[in-house]
Every structure is written in structure tokens, then in C-alpha cells.
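Structure first, then comments.
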There are 2 protein chains.
Amino acid sequence: MASLRALECLVAVADSGSITQAARLLHSSQPAVSHQLATLERETGTTLLRREPRGVRLTPAGRAAVADARRAIEAAASAVRSARAAGEATGGSLRLACAQSLVSVLAPVIREWHRRHPEVAITLRESTSPDELHGLVDSGEADLALMPAPVPGRFTSTAVAEEEIVLTAPTGHPLAARPAVPLEDLEGAPLVHFAPENGLSAWLDRSFARAGVRPEPVMRTAVTTAAPQLAAAGLGIAVCPVSAVSDGFPGAVRSFSPRWVRQLVAVTSAEPDPLAARFIRNLRNHGVHVPRDVLTQLAADSPTSAKTR
Amino acid sequence: MASLRALECLVAVADSGSITQAARLLHSSQPAVSHQLATLERETGTTLLRREPRGVRLTPAGRAAVADARRAIEAAASAVRSARAAGEATGGSLRLACAQSLVSVLAPVIREWHRRHPEVAITLRESTSPDELHGLVDSGEADLALMPAPVPGRFTSTAVAEEEIVLTAPTGHPLAARPAVPLEDLEGAPLVHFAPENGLSAWLDRSFARAGVRPEPVMRTAVTTAAPQLAAAGLGIAVCPVSAVSDGFPGAVRSFSPRWVRQLVAVTSAEPDPLAARFIRNLRNHGVHVPRDVLTQLAADSPTSAKTR
DNA sequence: AGAAGCCATCCAAGAATTCTATGGCATGTC
DNA sequence: GACATGCCATAGAATTCTTGGATGGCTTCT
């Protein structure tokens, strides 16, 4: 393989029309350039340039090589530029993954990031299963995953926000009568639950069991944001992260008593690279986005704001 | 500038997922690759890969660099391929130039060449002025020029063919009565001459002067092939290379007595490069193309064929 | 004839690359 | 729990490449 240095010499010679001039351009000596060219000619097996009394001139073979040589040099320079750009978050690509219910949390952060770093290409994969998210990070298919704690210890996780778990119900539902609902009150209540493939399913079951409360699942959905909607439609109550409650939600939203929050963490397979690290900083500064009127409902319920940071 | 070797290492690592494996791929040792990568990371100022227990994995910065690195390596390899291809006449480009009247000579050779070497891009420039042709070769704008001898000594010229200079006239013209026309008979004859910018103009004048004969120019044209046409149309006689007489020529064509030929040479600024040299060989083997019915006329005139080689 | 410009070659110094050997670390095995 | 395995980084020595200065041949210009 021809060395990049030799190709640089060839290009410089093509541009300046003389080996001596090229050497000056390259801040090198004439013999050095001459030698590089000789090596290149030996490697290609042809004469790249005709030596003439007043300098040198490219042969057709030399012309053919110069075009590619320029591309090679440009690409090599571009490689370090790209890497440096990615290091400074002014380029590169960032592959995110997140729990499905957290898209609404991530969206405003991504929008803000994209406004500030338009050169960074963002891709986002959603999943309802924590295991799948772990797998994406493990296999390197994602640089960063946003998901609820806890995560296995083999990962590096950074707490970026907390998210309240709330009760949603049809307006006027008995459970919604109280400003903050004790978890025990859910005993036997008809619950819009989640399908097994949705990570919330197992997590909720674990949480209920730990609290010794047994609601009555009446149906299951895999789509996180569908549960509160179905509950509001009269099918029962739903328990979900506040971020899964859309703006203009037609039902009632209540905090639990005591308030129930889960931690959201950014997961990387190891020490995050510069780009991911910077994104994580942005996540921490952004907090969780909660729809305005949900916030109003919750604020009416308890003197402590539900807004977390 | 990053060395090509370092970029190769990066790509190999990206492909194999491990420095040790990459070293095997590169027929090198693991520390060597490790060192190259460290250098590259120092140069880019970022971590290109995360070291993990079971190998390494690219960071976003690394991914960004790999894409360009591949391009750089490919382009560098392509540079030596291109040069080698040009050396073997299986690629590259050849820029030809020729006297306007010789396009018809060159055309069949180019066609044949292109059939055999379709990968070589051919460009052809025509000119009516020998000086301009010399200039094209001098300045390197053309790799090879086909033109009539003589050429200044500073060029390398290779005789590739001879071309007969013939007399053309309207059918039934008195001068065309004889099978071969002595040059002296042109004294005072009405001549369709060439415009000064056409190289034939000065050359014919010199030739006539040397022979001590003075035809009477009745008009001048810059387009070489136009002269015999105008002559046949009744304006007088024309003296031109036989290659300028088109197929289906409506007038009479006569050799001179003695036959008048001029040598065609391929001109390069120095020792021709492989591609040009090969083209010159083709030229020599091809000879001059003369339209069939002109050949018939000439053959009827003199027992010696006008075909040269 | 002499000066100047250009390139190739020779040779020595310097730099970069490579290799071998070694150690740290995590994982998997008996 | 000790051991073997596979991974990467580091250190030091050897080698190979690259560079620079000096020189000579060549041509052109003065």
C-alpha cells in the first residue's frame, strides 16, 4: 500500500510542477520528495512523471494516480476531522434507545440538542423491554439508553431524572376523590394493566407485591400511553409514569400517598464517550417533561409540586 | 496528518472487534496495532474505542472516523491501481491532438484502440496550426500529437505513416487529363488555397517556392477538406493531402509526378510514456486511411498503389 | 564560460514502526 | 479458590523508513 506521504508528494508535485517547489510546499527537502516519488513509481511499476529540464510533468499514469491521491488525502484528513468533531459534539452520530414510555421525556431534550448540535445525527430506538434495552447497549447497537432504574451492575448508569408514578382514572372515579391516594386503596380495584412484553408489567407487579396490594387486572395493553386513555374511557384505573399521561388527558390524575417516584437513568456500557456524556448532561439539566394540565391537576392535589428535576 | 497505517488499523479493529484479531488480519503484532491506535487517538484528541474485557468497541467518534478511513484506504489503493492500469494501457486517459486534415487518419485508429482498450479515456483536439500543436505538447495539454513532418528538434517524433499530396480538380479539367501531373504544370493555374491560419497554407507556399512553381490563388479556405470540394465545384484546382479527399469525391484526383508524399509523425515532448507509446505502435500498424474510390482513381493513374504504410 | 535551476544519488542522522517480553485485568473452568 | 485463557497497555531493543546535506550531471539563461 502506498504511504499517504508519498501521495502527498505526488499531489504537491502535480500542483507545483517541480519537485523542488513541492518540497518547499511540504516543508521538506528535495531529496526526501524525490525519494518518495521513486518509491511510488517502484510500487506502481510505471513512471508517474517525466523529468524535464525545467521541472517535471505528469505522465497519463501520474494524472490517473493524482486524482485518487487527492481523494485519499482528503478522506484521511476528513477521518481525523470527523473524529475530532464527534469528540467536541460538533459531528458524528449518537444512537439512543429508551423505554417506550420515555419518548415524551426524551423528545424535548433531543429537540434542544438538535438545535444546538445540528451536525450530530441522532437515531432513536424504542423498546418496552428493559432486557432489550440492556441488549442494545451491550451489543453496541445503542450508545446510550434512557430507562428506569434499576439496571444491572455491569452497566454504567447515571441518574438523570425522577419520574412520578401516578394513578389515572375516569373523572369522578371513587379513588380519584382523594387528593392523594394510598397505595393500599388499590386492593381489588379494576386495573388497566400492561401486556407482558411491556417492561412496566413486571415492574408494576413487583411493586404491588412488595406493597402487599392486589389490584384486579381487567385488560392489558402493550402501549404505555394507551393505559391511562383506556382507564379514562371507563375501564378502570391505570398506574403509569406521569410522562405517559398526554396533554389534554380526559380523566383524573392523582399522586400516590406517599408520592411514588422512580428514578430514570442513562445507561452506557462503560464510561460514556464524550458525545454520550454531553448528551447525559443535557438530560440532567432538562428534567422530566410533564404536560401542563396534568401538572395543574397534581398541583391541586398536593401542595408539593410534582415537578421533579 | 494521520498515517494510512493507523487508519488501516482502525478499520481492521472495527471489522474484527478486537485489537488482537486486527493484528492477525494485518499480519502484524498486537502492540504495533495498539500503538497505532494510541497515536491516532492522540492526534484526534478523543477516544476512538472503548476497551472492554472481551475486545474493544468503537465510540461514536470511532465510527465517524472509520467511514472516512475506509474511503482513504480505498482511494490510496485505487491510486496505485490507476497508475498501474495506465502503465498497462488498461486505464487512464490519453489526450491526443492532430492536424485538422488528419482526423480522418486518426479516426479509425482511435476506433480500433477504443475497441481494444475501452478503459482508456481518449480526448482529441484538432488544430490547423502546427505551432499550436507544438504548444499543446509543450505545455502538456496533449500527450501526443499527430502531424506532418518536420517538427522542431526539441520534440521526440516517431514517423508513423506517409501521406500522399494530390491534385484535385473538376472532372474534365485539363490538368487532370494526364495520369500523373508534374508539379511544374501548376504554373499559373487557378488554385483553391488555404487561409493563413491553416498550417497547409505556409507549407504549400514553401513547397511551391522550392519547386519554382507559382499557381494563382483564387480563394482561400481554412477548412482543409473544403479545398478539394471547392475545386471540384469548378473554382480551380486544389493541392491537399489525400486524406482530405472525402469518400464519394465528385472531382478528379491525380498523383503528382514524381509522387509527392509527406511524412506523418507522432510527436511527444520527450520519451513517450507507456500509454502514448502503445498508441504510437497502433498508429504505425494502421497506416493512412484513404477513401476507397479515391484509391481507385489513383490506382488507375499509376501502377504504384498510393497506399502507404 | 559561468551562473542558476532542476533532479538523482550517496550517506549519515534521526524518527517512526515493529517486535519480544511482560504485567494487569476480567472471565471462565476445574 | 486456584488456574488457565484471552484481552489490552507498556517498556525496551532492533529494525526499518524517512529525512537532510552534500554532491554531480544536466540543461537553460546570461
Side-chain angles (χ1 to χ4, degrees), chain A residues 1-10 12-43 46-59 62 73 76 138-140 152-156 269-271 273, chain B residues 1-10 12-43 47-59 62 76 138-140 152-156 269-271 273:
Chain A
M1 173 81 63
S3 82
L4 211 51
R5 182 63 174 163
L7 297 182
E8 280 181 327
C9 290
L10 180 63
V13 166
D15 288 342
S16 64
S18 129
I19 293 185
T20 307
Q21 290 301 322
R24 251 190 281 282
L25 267 167
L26 296 165
H27 302 295
S28 177
S29 71
Q30 172 265 319
V33 178
S34 182
H35 186 250
Q36 289 290 347
L37 293 170
T39 304
L40 199 54
E41 288 190 322
R42 197 162 353 101
E43 170 153 4
T46 45
T47 42
L48 267 9
L49 21 87
R50 269 199 320 269
R51 279 70 172 171
E52 295 186 354
R54 313 293 291 182
V56 297
R57 182 165 304 161
L58 292 178
T59 64
I73 294 166
D138 251 342
S139 69
R154 67 176 187 278
F155 294 108
T156 302
S269 69
E271 202 54 27
D273 53 81
Chain B
M1 172 83 63
S3 83
L4 211 51
R5 182 64 173 165
L7 297 182
E8 280 181 327
C9 290
L10 179 63
V13 166
D15 287 343
S16 63
S18 130
I19 294 185
T20 307
Q21 291 301 323
R24 252 190 280 283
L25 267 165
L26 295 166
H27 302 292
S28 175
S29 71
Q30 173 264 319
V33 178
S34 182
H35 186 250
Q36 289 291 345
L37 293 171
T39 304
L40 199 53
E41 288 190 322
R42 198 163 349 102
E43 171 152 4
T47 38
L48 268 9
L49 21 87
R50 267 198 321 268
R51 279 70 173 173
E52 295 186 355
R54 313 292 291 182
V56 296
R57 184 164 304 159
L58 292 179
T59 63
D138 250 342
S139 69
R154 69 176 186 278
F155 294 108
T156 301
S269 70
E271 202 54 27
D273 54 82

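Computed over heavy atoms, backbone and side chain alike; hydrogens, waters and symmetry mates excluded. These numbers were taken from a predicted model, which means no experiment stands behind them. Residue numbers start from 1 in every chain, and the chains themselves are labelled A, B, ... in the order their sequence lines are given, proteins ahead of strands.
The separation between A:L48 atom CG and C:dC7 atom C1' is 16 Å, rounded to whole Å. Between the CZ atom of B:R50 and the P atom of D:dA9 there is a distance of 14 Å, given to the nearest Å. B:R57 has its CZ atom 14 Å from the P atom of D:dC7, to the nearest Å. Atom-to-atom, CD of A:Q21 to P of C:dC7 comes out at 9 Å; the value is rounded to the nearest Å. Residue B:R24 contributes atom CZ, which lies 10 Å from atom C1' of D:dG6 at whole-angstrom precision. Note: CZ (B:R42) to C1' (C:dT17) measures 13 Å, nearest angstrom. Residue A:E41 contributes atom CD, which lies 13 Å from atom P of C:dC7 at whole-angstrom precision. Rounded to an integer number of Å, the gap from A:L37 CG to C:dC6 P is 15 Å.
Each of C:dA8, D:dT19, C:dT18 was ranked by its minimum atom distance to the side chain of A:S34; first place goes to C:dA8. For A:P31, whose side chain is taken as the heavy atoms from C-beta onward, the closest listed nucleotide among C:dC10, C:dT17, D:dA9 is C:dC10. Looking at the side chain of B:I19, the nearest of the listed nucleotides D:dT28, D:dA9, C:dC7 is D:dA9. Of the candidates D:dT18, C:dC7, C:dT27, the closest approach to any side-chain atom of B:R54 belongs to C:dT27. Here the side chain of B:T20 is nearest to one of C:dC6, C:dT20, D:dC7, namely D:dC7.
Comparing A:P53 and A:S28 against DNA chain D, the residue whose closest nucleotide sits nearer the 5' end is A:S28.
Across all strands, B:Q36 comes closer than 4.0 Å only to sugar-phosphate atoms, never to a base (heavy-atom distances). A:S29 comes within 4.0 angstrom of a base, heavy atoms only. Within the 4.0 angstrom heavy-atom criterion, only backbone atoms of the sugar-phosphate kind lie near B:S18; the bases stay farther away. No contact: B:T39 has no heavy atom under 4.0 Å from any strand.
In this structure a side-chain-to-backbone donor-acceptor pair under 3.5 Å is present from B:S16 to B:A22. Remark: side-chain polar atoms of B:Q30 are not paired, donor with acceptor, to backbone N or O of B:T20 under 3.5 angstrom. In this structure a side-chain-to-backbone donor-acceptor pair under 3.5 Å is missing from A:R54 to A:E52.
The heavy-atom pair separating B:L25 from B:A12 by the smallest distance is CD1-O, 4.3 Å. Annotation for B:L7 and B:A2: closest pair CD2-CB, 4.3 Å, computed over non-hydrogen atoms.
Put simply, the side chain of A:Q30 and the base of C:dA8 share a donor and an acceptor less than 3.5 Å apart.
Between B:R51 and the phosphate of D:dA9, there is a side-chain N or O to OP1/OP2 separation shorter than 4.0 Å.
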